[in-house]
Structures are given as C-alpha cells and as structure tokens.
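So that the names make sense, note that chain A is the first sequence line, chain B the second, and so on, each numbered from 1. Just so it is clear, the structure is predicted and the values come from calculations on it, not from any experiment. Only heavy atoms go into these numbers, but all of them, side chains included; no hydrogens, no water, no symmetry mates.
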Amino acid sequence: MATTQSYYLTTPIYYVNDKPHIGHAYTSLACDALARFLRLDGDDVKFLTGTDEHGQKVEKAAKEAGISAQSFVDKMSQPFRALSPAIGFTNDDFIRTTEARHIAAAQQLWRELRARDQIYLGSYAGWYAVRDETYYAESELIDGAAPTGAPVEWVEEPSYFFRLSRWQDRLLSFYDENPDFIAPATRRNEVISFVRGGLTDLSVSRTSFRWGVPVPDDDAHIMYVWMDALTNYMTAVGYPHTDSSDFKKYWPARLHMVGKDILRFHAVFWPAFLMAAEIDPPKRVFAHGWWTNEGEKISKTVGNVIDPLVLIDTYGLDQLRYFLLREVPFGNDGDFSHQAMVNRMNGDLANDFGNLVQRVLAMIQRYCDGRVPLAGPLEDADEALLRSAQNLITPVRDAFLRQAYHEALDDIWRVVRSANVYIDQQAPWKLQKIDANRAATVLYILAEVIRHLALVIQPVTPTAAGKILDQLAVNLADRTFSRIGPVGALESGTLLPEPSGVFPRFTELSIPSGEGGG
RNA sequence: GGCGGAGUAGCUCAGUCGGUAGAGCAGUGGAAUCAUAAUCCAUGGGUCGGGGGUUCAAGUCCCUCCUCCGCUACCA
C-alpha cells in the first residue's frame, strides 16, 4: 500500500451578505473534485468550507433588518451550508467565523504577532467604502466614489498596523523558493510584481463598528475582517492548539482555492501574517477565473446571476459538475451558455460515454446471460485498450494535483473514444454469430475498461460513476484507486443487474416548466 | 506609463530542446446497426496578428508595430 499522505484543502469562507451563486459553487466544486480524488487515491484528506460572518456590511444589514447581527448571520449562513448536500460537496467541516473556536484562534494569532512586535498602534485616515470593506486612496476615487462604484466616507480612526513593509523581501524569496505557491503562473507574476512594487504597513483593526473579533487587550478595536477571516484555515485544524494531532497532521494547508479577486489576501497578506507569527505558510494558492452568462458579465444589477440549483434542476448534478470542470482550462475565465452545456452533456456524457456503457452492458445482458463474460486469449488490440485504461490514473493524477481538471477529463475521454473505436473494430455483435468466445473476450475487455473509466471519473460525476459501478456489480469497498489494474478485475460469471442509462441526453423535453437560466 | 499574458482551422484551444502545423466541436461524404437517432471511417490549400532580423531551417529565438486581457502606477 502506498503511504498515506495528509492533504488539507480549503475554499474561501463565503461572505454571508450574499446568496450562493455559481461562483461559490465553482470554487467549492474545484475543491470537492480534488478532495474526492485524493480520498480515492488513499490520502488522508481534510476539506474545509464555511462562512465569513463579520464586518460592517453584516452589521448594517442586520440593523436594517431589525435583528441582531448574530441571528442575521445564523440565517444567512444556512444556504451556504445547504450547498454541500445539493451539489454533493464532501467537505469535512463547515466553519463559521462567529464560532467560539474561531474567535479564540484569531485572537491568539493576534497575540503572537503582537508579542513579536509585528503589530503596532497608529492611526488611519482615508476614504472608506463600507460595501468593499476597504480604504481607498484619494487618487483612486472616481467622481467621489470607489472604483467599484461603492460610496465612500472619510474615516479617521486609531488603528493597529501589521508591519507588512518588513516582509517584502521575505515574501519575494518565498515565492522564489516555492514556484508552485501561486497558480496559475500568470497570477504568480502579478503577485510578484505587486510585492516588488513595495508594501506598506497594513491597517488591521477598526474602531468604527463593533461586529468583529475583539482585539485582545484593547476593547475599542475589532480585528480587520481579512485577518479574522484568513485565520479560519487554521482554526479548523485546531489552532491555537499547535500540538494537537489535527494541526500537526494538516497544517500547513496544501491548497487554498480562491477566486482571482481575493488572491492578494491569500498570496501576500496571509503568508506574511504566518511567517511573522513563525507559522508555516500554506503550500499553494490557486486563483481560478470567473464565469460569464451567455457571453455577458454576471452582475446583480443586470440580473443575470446564475443559481447553481436551477442548473442542477435543468441539466442534472453530474452534468453540471462535468461541464464546469471540463469546459474551461481551469484558471481561465469561462462562459456558461445553454448551448455549450448541452453540447457537453449530450456529446461527451450521453453519446461518447453513456452510450458506450449502455451498448456494452446491453450486449453482455443479451449474449452472456447477464454475467461478466469469460475472457479467452487476448489479442494486441485487447491489450492495448486495456492497458490504456489501467494506466489512465497516472496522467489523471498528475493533472488533478495541478488542478488541471480539464486535462484530466481530456485524458479520460481519450480512452472513452478509443473504446468506441475498439468496439466498432471488433464488432462483438458480429463475432457473437461466428465466434462466441471471442465476442465474450471483447465484451470482457470493454467491461474492464468501463470499470476503470468509472473509477477515475468518480470525483467529477460521482452519482453516475456509482451507478455504472453498480451495474458492473463492483462492491462499494472496491471502488478506490487501489483496485485499478488486474487486482480489482471483474470476475467472470458474476451476475450483473439489468442496465439502465446513466447519462440522459438533453432534449427540449428536459426543460422544466419554470424559466431556466436566462 | 510600468509589469505580465494572449493573438494558430468557422468555434474552443494544444503545440515539448526551432526542422515547412494538430485535437475536440461544427460542416460534408460514407460505413455499420450492439447502443441513449448513439458509434465508426474519410475529408482541414489555416499568409500560425503585421513587418523586419538570426538560422541550412521559426508558430517556436531577437527587434519593432497593431489589437485584446490582467495586475499596477500616476496625471488629472
């Protein structure tokens, strides 16, 4: 057995001032597929997601709603928690920044920084945008508003500062020594160029509102939301108990998956905080891209926000998961369109793969009494196809570890297509009439190939893959990657259940009565 | 303005250490009929953004220009 490795990966914690949309689902999906892959590969995985619940926006929204901030976030956090069962996310924990465990962790990190003179008290004055939770320089303002369009107000307050300026060189050498820390490469260049441009100390406390983690030993201040929020990644593995088994096992995190908009916080501030506290920084931050909707930028005001739950209703869960991971080189922006979705769902899933499974299982049912056929001597073509399926895990693993999901799926589909070529060349429906043993051999090879395909596609389309493995009578315990190859081979004579399609085609009849996306 | 990335077949993109370009989809023609009207086979004369240079040879290196995108700065 391979040695078990621990792999801790996280989504950002989602800000509760919003409802879950396709962007949240996408980030979590990218983590989920990897988490599932690693578990099947025998790793000890911890996959974390959760909600970010502090900040002025929440405080204001709660006040406007006439409820306490706590009950506001209790309510708003719920849809994010509900996303996991809806989209099949297998997160091991769901953290909320309002939990006691987290407040203790954030305060401890603060104390560590304070004790090392990495935080000092000063004062801050500037244009502050509540909506963005950010200060802007005078020069950044456009017509008296933030570049984002958010209204700004002049705020002058005492503030604690983190000595970020001291970490410029350390960060640059850290990036240099860890070329895989920031992905994709183009984002890495951006971050490095930003840091090279010079870093100023970072304001890390606020006195203008109250909804946050109190600064230790100074009740007038609460912690800057990002310092609070980023700490969640450590909270969930036991911090401040650095001698706990979870912390030792899972920290530093192997991967923080983030949207490209919050890369800087993760790739600059976060490692600086950690190095300043003498804690190991995470291994990797991946900044993925955004989706557009039918070519249009998605925005709330335009009203073209995509609800992932609607897409699941329309196209199916596995279909959506497949589309999101296949359609776009991971890291790039992508466009969601009905046509593209249907092309993937029908072309790749239903026609190429689903139909392959169906025709093979149907022939086994008909020609072999519904039992796993007995293979005779193998010919070159048999061995070539079988080997390509058995070896598939290698490039697929390599792709997953680089978060190159599209490459992994491309590799898998190469084998799917080879199997379709093979079945046509061998024509078992003809062989059946002249050489039943040879037909049985061909069908056995195909069944084994399908077993391998189903095994490796599990992280992306877990439900359908499970159904295929059910139809091959593969035990639940035999669905890990340790069963790849002859060791897990189907046993001739095993009775198989009646096959039924796992990847339905999308037809206009598939459209539910309500309006679809839009 | 600076830094970075990208401009390759109708569309989306691959193209390793330089050797006269590939995949998928779409289109066209054909085969087959086990299968979810699915599959398979055949078919791509693209000035590899423009121009110049190095080289026996450049999509692939150098210079320059154009366009688009990202990050960043500044003037206002």
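Heavy atoms of A/Gly197 sit nowhere under 4.0 angstrom from any nucleic acid atom. Nucleic acid contact for A/Asp352: sugar-phosphate only, since backbone atoms but no base atoms lie under 4.0 Å from a heavy atom of the residue. Backbone-only engagement by A/Tyr367 is indicated by non-hydrogen atom pairs under 4.0 Å involving sugar-phosphate atoms exclusively. Heavy atoms of A/Arg366 sit under 4.0 angstrom from primed sugar atoms or phosphate atoms, though from no base atom. Using a 4.0 Å heavy-atom distance criterion, A/Val502 is classed as a base contact. As judged by a 4.0 angstrom heavy-atom cut-off over every strand, A/Asn189 is placed among residues touching the sugar-phosphate backbone only.
Rounded to whole Å, the separation between the C1' atoms of B/A26 and B/C66 comes to 31 Å. B/C3 and B/G19: their P atoms are spaced 30 Å apart (whole Å). Atom name C1', nucleotides B/U55 and B/C63: the rounded distance is 16 Å, in whole Å. Here, B/G7 and B/G15 have their C1' atoms 15 Å apart, quoted to the whole Å. Comparing B/G29 with B/G22, their P atoms sit 25 Å apart, to the nearest whole Å. If you take atom C1' in B/C25 and the same atom in B/G1, they sit 42 Å apart, rounded to whole Å. Of the C1' atoms belonging to B/U28 and B/G44, the separation is 12 Å, rounded to the nearest Å.
Ring geometry for A/His266 against A/Trp226 counts as perpendicular: the plane angle is over 60°, on a 0 to 90° scale with 30° as the lower cut. In this pair, A/His24 and A/His21 present their aromatic rings tilted. The plane angle is within the 30 to 60° band.
Applying the Watson-Crick and G-U wobble criteria (two distances, each under 3.5 Å), B/G70 pairs with B/C3. B/U39 and B/A31 make up a base pair, with Watson-Crick or G-U wobble contacts both under 3.5 Å.
Look at A/Asp18 and A/Lys300 and you find a salt bridge, because one of the NZ, NE, NH1 or NH2 atoms lies within 4.0 Å of a carboxylate O, short of that distance.
The separation between A/Gln339 atom CD and B/G24 atom P is 20 Å, rounded to whole Å.
If you check distances only, the side chain of A/Asn351 never reaches the base of B/A38 with a donor-acceptor pair under 3.5 Å.
Checking A/Arg196 against A/Gln168 by side-chain atom types alone, no donor-acceptor pair falls below 3.5 Å.
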